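The structure appears right after this line, and notes come after that.
Everything numeric here is computed off the predicted structure, so don't read it as measured data.
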Amino acid sequence: YRNGEDEPFHTEVGYWLWDGDANQVMRCFMVPRGSVLIAGGPASADSKTFTMQSTLGSTSYGILSNLYLDAHARTTAYHVTVNIHDNDSWSYEETSWVYLEALNKLIPHTDGNHLHRVG
C-alpha cells in the first residue's frame with residue numbers, strides 16, 4: 001500500500017523462510033500476473049545484510065511463468081539484497097531481469113524501499 005491509500009499498489013503472495021541447519025534464507029512468492037519464484041542465499045542468524053538470487057531453469061532457487069509470460073515477457077533472473085538496520089527498520093534493493101520478446105531485449109527492473117516498523 002502507498003501511504004494514505006486504501007488500495008494496494010502491488011500485491012504478492014509468498015513466504016520468507018529460514019533454514020538454520022543450512023544457513024540459508026529464502027523468499028518464495030507469486031506475482032499476480034503469473035510468475036512464481038523461490039530465491040535464496042547464505043545468511044547466519046545474526047546477519048545484517050544478505051542476498052538472495054533466483055534463475056530461470058534452476059531446479060533450486062528457480063523461476064516459473066505462465067504460458068503467455070514465458071513466450072512474451074519471461075523473467076530470467078532475480079536478485080535482492082536486504083539490509084537490517086539498528087533503528088527498527090530494514091531496506092532492500094531488488095532487480096528482476098525480464099526478456100521482452102517484442103523488443104528482443106533483456107530489461108532490468110529495479111525496485112527498492114526502506115521500511116520502518118510503525119506498530
Quick one: pull up [atom1] in [X] and [atom2] in [Y] and give me the separation to the nearest 0.5 Å.
| X | Y | atom1 | atom2 | answer |
| --- | --- | --- | --- | --- |
| Met52 | Leu37 | CE | CG | 10.0 Å |
| His114 | Glu93 | NE2 | CD | 13.5 Å |
| Ser91 | His116 | OG | NE2 | 9.0 Å |
| Leu64 | Thr75 | CG | OG1 | 11.0 Å |

Taking every non-hydrogen atom, the tightest pair across Pro108 and Thr95: CB-CG2, 4.0 Å

Closest non-hydrogen atoms of Ser89 and Leu115, given as atom of the first, atom of the second and distance, are CB-O, 2.9 Å

Is a side-chain donor-acceptor pair under 3.5 Å present for [Y] with [X]?
| X | Y | value |
| --- | --- | --- |
| Thr51 | Thr81 | yes |
| Asn23 | Ser44 | no |
| Tyr61 | Gln53 | no |

Does any non-hydrogen side-chain atom of Thr76 lie less than 4.5 Å from one of Leu106? yes

Counting C-beta onward and ignoring hydrogens, is there a side-chain heavy-atom pair between Arg74 and Leu69 closer than 4.5 Å? no

Checking side-chain contact (heavy atoms from CB on, under 4.5 Å) between Tyr92 and each of Ile84, Asn83, Asp111, which is the one that passes? Asp111

Would you check if the distance from the ring center of Phe29 to the ring center of Tyr78 is below 6.0 Å? yes

Using the six-membered ring wherever Trp is involved, compare the ring planes of Trp97 and His79 and label them parallel, tilted or perpendicular (cut-offs 30° and 60°). perpendicular

Side-chain heavy atoms under 4.5 angstrom apart, residues restricted to Ile, Leu, Val, Met, Phe, Trp, Tyr: same cluster for [X] and [Y]?
| X | Y | answer |
| --- | --- | --- |
| Val31 | Trp16 | yes |
| Val80 | Val25 | yes |
| Met26 | Trp18 | no |
| Val98 | Leu56 | no |

Does the Ser54 side chain pair with the main chain of Ile38, one donor and one acceptor, at a distance under 3.5 Å? yes

Within the side chain of Asn66, is there an N or O that forms a donor-acceptor pair under 3.5 Å with the backbone of Arg33? yes

Test side chain to side chain contact (heavy atoms under 4.5 Å, CB included) applied to Lys105 and Leu100, step by step: CA-CA 6 Å; Lys105 190 173 184 179; Leu100 297 177; 5.6 Å; no

Around atom CG of Leu67, are there more than 12 heavy atoms of other residues, nucleotides or ligands at under 6.0 Å? no

